[in-house]
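In what follows, a single structure is set out as structure tokens and then discussed.
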Amino acid sequence: MTIIDKTAIREIVQESFAETKSNNFGAIGHPEEKIWARVDCGFAAGDDPLYPYYKKEIGDFFWTPAEAYKKFYPDAQAADKDLTVLSIVFASDDRTRELQRGQKKAPNFRWLYARNCFEKVEGELCGHIIERLAKAGIRAVAPDMSPQWGWRQSERFGLSCNWSHRHSAYIAGLGTWGLCDGMITRLGKAVRFTTLILETKLPADPRPYKDYHYWCLFYRTGKCDSCIKACPAGAIGKEGHNKDLCWEYIQDFKRSYIDSNALNADGPFGCGLCQGNVPCQTGVPKGLDDYDGQ
Ligand code: SF4
Ligand code: SF4
């Protein structure tokens, strides 16, 4: 039985975001500035057929929502059809976006720090949401907080995670992939994602697109090559994103930041110039004939 509706859950997400204390640049001297300016969310049905489809394509290690949920509650009776996936997108702040637009070789330090400490902010936000939902009578879990969450080798796709925030974001109507492999959302491509699985059944949000690349100008019009030009590693071409070249480039520049006290050397590093000076940085790019800007 649904106890609260999607509007109430959206409010919980926004209230929880407002109380996420780790969401600031204090560690690099700007405690008054937020790392993530805003969040948006979308809802997917736990039994959306795309979940078993991805499992078949990516590998048997890929979790369906019920499999992920039962990592936390092994005795739960809930099947996929009894669950709702809440996908959340975080938009980086305007100043970081502006600085990242001017970078040519390596990311601006603000961007790098935001990427490096994302898991801390994400974990705090998820904790607040889980707590508030529990008070409203809904059990929820964050799949990437499971000790069993992690990377596996997919025969078809190489290194792949057993739970994908981005695939859930696609299913929940939040965005589609761009040529560079980044996800283009209404809040742009300079974003990150998380997911919660709720033990309640809520209506899924519509997917306002027709395929995986629907909001990318290259795939729709053939007229954009901005991320190809922005990539300092030559890791993006008309055939897509070369993960190996991208990874090697990041390892190279990572060495010059490794001694920074503000960064966690074991945390994630990125480059993100393909999220910088590009028309999809802050929203769905202009020039798509059937996008209404909503
Ligand atoms: S920069 Fe252009 S080609 Fe690259 S992802 Fe964005 S819209 Fe697509
Ligand atoms: S993260 Fe950097 S190196 Fe990797 S594809 Fe994007 S711009 Fe290129």
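Source: prediction; values computed, not measured. As the structure lists them, so they are numbered: ligands from 1, and atoms in each ligand from 1.
Judged by the 6.0 Å distance and 45° axis criteria, R38 is not positioned over the aromatic ring of F17. A cation-pi geometry, defined here as NZ or CZ lying under 6.0 Å from the six-membered ring centre and within 45° of its normal, holds between R220 and Y214.
Side-chain contact annotation: E124 with S22, donor-acceptor N/O pair under 3.5 Å present.
The atoms of ligand 2 that sit less than 4.0 Å from any heavy atom of P232 are 7 (S). The C231 neighbourhood of ligand 2 comprises atoms 3 (S), 5 (S), 7 (S), 8 (Fe), with distances under 4.0 Å to a heavy atom of that residue. For ligand 2, the atoms lying closer than 4.0 Å to a non-hydrogen atom of H241 are 5 (S). Short contacts between ligand 1 and L217, defined as distances under 4.0 Å to a heavy atom of the residue, involve ligand atoms 7 (S), 8 (Fe). Set against the non-hydrogen atoms of V278, the atoms of ligand 1 under 4.0 Å away are 1 (S). Counting atoms of ligand 2 from 1 in the listed order, those under 4.0 Å from a heavy atom of G272 are 1 (S), 2 (Fe). Per-residue contacts place C246 under 4.0 angstrom from the following atoms of ligand 2 (heavy atoms of the residue considered): 1 (S), 3 (S), 4 (Fe), 5 (S).
The residues R207 and D48 are annotated as salt-bridged, a charged nitrogen and a carboxylate oxygen being separated by less than 4.0 angstrom. Electrostatic pairing of E122 and R192 does not count as a salt bridge here, judged by no charged N lying under 4.0 Å from a carboxylate O. Using a cutoff of 4.0 Å between basic side-chain nitrogens and carboxylate oxygens, R101 and E98 are not scored as salt-bridged.
Within the coordination shell of atom 8 (Fe) of ligand 1, defined by N, O or S atoms under 2.8 Å, C216 is present. Atom 8 (Fe) of ligand 2 has no N, O or S atom of C274 inside 2.8 Å of it.
Taking the six-membered ring for Trp, F25 and H30 have ring centres at least 6.0 Å apart. Here the two rings, on W177 and H167, have centers that are under 6.0 Å apart. Between F193 and F90, the ring centre distance reaches or exceeds 6.0 Å. For W36 and F118, the distance between ring centers is under 6.0 angstrom.
Taking only non-hydrogen atoms, the option from W177, F218, W215 nearest to atom 3 (S) of ligand 1 is F218.
Using a 4.0 Å heavy-atom cutoff, K189 is listed among the residues neighbouring ligand 1.
Protein heavy atom closest to atom 2 (Fe) of ligand 2, with residue, atom name and distance, is C271 SG, 2.4 Å. Scanning the protein heavy atoms around atom 4 (Fe) of ligand 1, the nearest turns out to be C227 SG, 2.3 Å. Closest to atom 6 (Fe) of ligand 1 among all protein heavy atoms lies C280 SG, 2.4 Å.
Only the side chain of I236 comes within 4.0 Å of ligand 2, judged by heavy-atom distances.
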